[in-house]
Amino acid sequence: MQIKALPGFRDFYPEDFAYRRHILEAWRRVALRYGFEEYDGPPLEQVDLYTVKSGEEIVTQLYAFTDKGGREVALRPEMTPTLARMVSARARGLKKPIRWFSMPQLFRYERQQRGRLREHFQLNCDLIGEAGPAGDAEIIALAVDIMRELGLTSGDVRVRLSDRRLLNAVLGEVGLPEGQHGLAYQLLDKLGRGEYGKVKEALEEGGAPPDALARLEKVREIRDWDGLSDAFPAAANAADPLRQVVGTLEAMGLGEFVDLDLTIVRGLAYYTGVVFELFDARGELRAICGGGRYDHLLEALGGDALPALGFGMGDVVLLELLRERGLLPQASPQVDVFLAAVTPEDLPEVLGLAHLLRDHGFRVEYPLTMTGVGKQLGLANSRGARYAVVLGPEDRKRGEVQLKDLGSGEQRSVSQAELPKILRGMGLEDSRAPSPQPSQTSHG
RNA sequence: GUGGUUGUAGCUCAAUCGGUUAGAGCGCCGGAUUGUGGUUCCGGAGGUUGCGGGUUCGAUUCCCGUCAGCCACCCCA
C-alpha cells in the first residue's frame, strides 16, 4: 500500500510549484508596492490563542494535539490572532498606521471540497491604527490590484462591498431588536438559498415581526445608493463611510470592480465596519478573498485599542480561477545553456566551461553520462535550454565552441574566452544575487 | 460531522447482457541517428480495474463494507 498525501494536503510537483510561486510572488510584489512590510509567526501556537476570541466554531476545526511537553497546541487556522499578539507586544513602539502582510500556510481540519482544502496559503494584509475610510479603500485597492497583477479584469472578478454599521442601521429600521441581529445576518447570508427557510423560522420563533423579515429581503435587490435610500431611507444615513470608500476607489480608477452588496456578511463575529469579498464574476467559485474592519479585536485580545482592518486571500480558489481563464504562466526555460561533449575526451573542458558559465550567473546543464551529440541536444531541447554549446576535438584545437540557438537552429563558432560576454549580449539574465548594498537606516 | 455521487496505465478515456490474455491516444524509456535537437517511423515498459469481502462455473461489470475524489449541508481560513 503506497502512502499518499493526506486528504486535503497537496503535493507540489515542479509545475504546481511554479503556479504557487506565480501567485505568491504576485502577492508580495503588490503588497510591497503598497508599502507593506512582510512578517511571519509560528505555524504552531497554543490552542488558547484561538479559543479565546476566534469563535467556538473554529475550534472544532482545529488541527490540535497535545505536544510531548503536555501543551495543548494547534496548527494555525488563521493569522489574525498571531498578528494581534505580535502587534500588541510592540504596539507602543510601532509607527502608525502599521502596514503588514504575511503569506502563511494555514490549516483547518474539515472535510475538503473543491476550493477548500485542509491546508492553504493565504495572503494576509492588515492596516492597523487608521480609523478612516481612506484606510478601507487602501486595503480593498490592494486586493483588487493583486487581481490586476495576475491578469484578471473587472469582467473576471467583482468586489462585493458592505458595512456592518449600515447593516445594523437597516436592521434597526425594520424593527429587529439587537438580540436578533446575529440570526438576521445569517438570514441575509442565506437569501435566495435553500436554507433560508430554517433561519427565517428561527427568527419568527424568536418573536421577529414577519413584516420586518419581508422588508429585510429587499436588501438583496439593493445595488446602488438610490436603491438603498428608497428601501431604507432612515438607515441610508449610516452609509456615509461606505460612500467615501467607494468614492476613493473610484478616484483610484478601480470603481468598475466594485458592487454594493449588503448580503455580504462574513462569518467572523469581530467585524465592525466595512466588510468585503472578492468573487469570480460568474459566481461559480468560492470567495477569493474576504476582509473588513475589526476595530475592537486588538483590545479584546488584551492589547491596546487600535482600529484595524485587513483581508485574507487564499491561493486555492485563485489558482482555479487563473487556470480557467488561461492566465497561468507557461513553463519557462529552466536552463540558459546546455553544454554537449562530442567525445569523452572533451568532458574535462566541458566541465570547466560549465563551471565558468555558472560563476557568471548563467543557468547551465551538461549531460551527466556520455552519449551521442544528438541525444545530448535532445536532452537540451527537453530541458528548455535556449542555447546549446557543442564542444569537440576540432573546437578544442581552435579554442572555440559551437554556439547553437535552439530556437532558430542557427549555429556559429565562437571563442571560449568570449562565451560569457557573448551570452550576456544575447539577453541571458544573471541569476546571481545583486551585490550587497550599504544598509539603509531611513527608519532611524 | 450528515446525505448524495464517482473510482480502469503517470494523464484523458474504452472494454457488447456477467464471458478468452482489460485496450487506445498522449506522456515516459529505447532504437532508426558514433559532430547536431524539435518532426517522423519502429519497438518497449507501465494494471492486484482504489482496497477488502460477498453472489457466481466465471466479476472492471451485480451486492455490502471501507478508503479517496466530487457535490450539497454544517461552516467558512
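Each chain gets a letter, A, B and so on, in the order the sequences are listed, and its residues count up from 1.
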Checking N1-N3 plus N6-O4 or O6-N4 for Watson-Crick, or N1-O2 and O6-N3 for wobble, each under 3.5 Å, the partner of B/rG35 is none

Counting only Watson-Crick pairs (N1-N3 plus N6-O4 or O6-N4) and G-U wobbles (N1-O2, O6-N3), all under 3.5 Å, who is the partner of B/rU56?
none

Nearest to the side chain of A/R116, heavy atoms from C-beta on, is which of B/rA77, B/rU36, B/rA68?
B/rA77

Expressed in angstrom and rounded to an integer, what is the separation of A/E394 atom CD from B/rG35 atom P?
11 Å

A/Q113 has a side chain; which of B/rG38, B/rA77, B/rC71 sits nearest to it?
B/rC71

For B/rU20, the Watson-Crick or wobble partner whose two distances fall under 3.5 Å
none

Sugar-phosphate only, base, or nothing, as touched by A/G290 at under 4.0 Å among non-hydrogen atoms:
nothing

B/rU6 and B/rG44, which share atom name P, separated by this distance in whole Å:
37 Å

With distance as the sole criterion, do the side chain of A/R111 and the base of B/rC73 form a donor-acceptor contact below 3.5 Å?
no

Closest to the A/N381 side chain, choosing from B/rG37, B/rA77, B/rU36:
B/rG37

Expressed in angstrom and rounded to an integer, what is the separation of A/L391 atom CG from B/rU36 atom C1'?
14 Å

Within the structure shown, what part of the strands sits under 4.0 Å from A/L106 by heavy-atom distance: base, sugar-phosphate, or nothing?
sugar-phosphate

Please report the distance, rounded to the nearest Å, between CG in A/L117 and P in B/rC71.
11 Å

In terms of the angle between their ring planes, are A/Y39 and A/W100 parallel, tilted or perpendicular, with boundaries placed at 30° and 60°?
tilted

Need one value for A/G374: base, sugar-phosphate or nothing, where a base atom within 4.0 Å counts as base even if backbone is also close, heavy atoms only.
sugar-phosphate

Any cation-pi pair here, A/R158 with A/F279, using under 6.0 Å and within 45°?
no

Could you give the distance separating B/rG18 and B/rG1 at their C1' atoms, to the nearest angstrom?
38 Å

Between A/L285 (CG) and B/rA72 (C1'), how many Å, whole number?
16 Å

B/rU48 versus B/rG43 - spacing of their C1' atoms, nearest Å:
27 Å

For B/rG47, which nucleotide in any strand shown is its Watson-Crick or wobble partner with both distances under 3.5 Å?
none

For residues A/R160 and A/F276, determine if any side-chain heavy atom of one lies less than 4.5 Å from a side-chain heavy atom of the other.
no

Name the residue closer to the 5' end of RNA chain B, choosing between A/L6 and A/Q402 according to the nucleotide with the nearest heavy atom.
A/Q402

Here the pair of heavy atoms bringing A/L94 nearest to A/V87 is CD1-O, 4.3 Å

What is the distance, to the nearest angstrom, from the CG atom on A/L347 to the C1' atom on B/rU34?
15 Å

Whole-Å distance, A/E110 CD to B/rC74 C1', equals 10 Å

Between A/Q186 and A/L406, just flag the one whose closest nucleotide in RNA chain B comes earlier from the 5' side.
A/L406

Looking at every strand, decide which applies to A/G8 at a 4.0 Å heavy-atom threshold: base, sugar-phosphate, or nothing.
sugar-phosphate

By the 4.0 Å heavy-atom rule, please label A/G407 as base, sugar-phosphate, or nothing.
base

Given that both distances must come in under 3.5 Å, which nucleotide forms a Watson-Crick or G-U wobble pair with B/rG3?
B/rC71

Would you measure the distance from the C1' atom in B/rC57 across to the matching atom in B/rG50 and give it in whole Å?
27 Å

Between B/rA15 and B/rA24, how far apart are the two P atoms, rounded to whole Å?
15 Å

Rounding to an integer number of angstrom, what distance separates B/rA68 and B/rU49 when you compare their C1' atoms?
15 Å

Side-chain atoms of A/K190 come closest, of B/rA77, B/rC75, B/rG35, to B/rC75

Which of the following nucleotides, B/rC70, B/rG37, B/rC76, is nearest to the side chain of A/R108?
B/rC76

Side-chain donor or acceptor of A/K375 under 3.5 Å from a matching atom on the base of B/rG37?
no

Quick check for you: among B/rA68, B/rA77, B/rU36, whose closest atom lies nearest to any side-chain atom of A/H120?
B/rA77

Does A/R76 make a cation-pi contact with A/Y50, if we ask for NZ or CZ under 6.0 Å from the ring centre and within 45° of the axis?
no

Work out which heavy atom in A/P329 is nearest to a heavy atom in A/Y19; give both atom names and the distance.
O-CE2, 3.7 Å

Does B/rA9 have a Watson-Crick or wobble partner in any strand here, with both distances under 3.5 angstrom, and which is it?
none

Taking the C1' atom of each, how far is B/rA22 from B/rG47, in whole Å?
8 Å

Quick one, A/R118 and A/F107 - any side-chain contact, counting heavy atoms below 4.5 Å?
no

Just to be sure I understand the rule, does A/G378 reach a base, reach only the sugar-phosphate, or reach nothing, if contact means heavy atoms closer than 4.0 Å?
sugar-phosphate

Tell me whether the side-chain N or O atoms of A/Q411 pair up with the base of B/rU36 as donor and acceptor below 3.5 Å, since no angle test is needed here.
yes

Rounding to a whole Å, what distance do you find between A/I288:CD1 and B/rC76:C1'?
15 Å

Roughly how many Å apart are B/rC17 and B/rC62, using the P atom of each and rounding to a whole number?
12 Å

Answer yes or no: is there a side-chain heavy-atom contact under 4.5 Å between A/Y387 and A/D336?
no

Taking a pair to mean Watson-Crick or G-U wobble geometry with both distances below 3.5 Å, B/rU61 pairs with none

Whole-Å distance, A/L318 CG to B/rA77 P, equals 16 Å

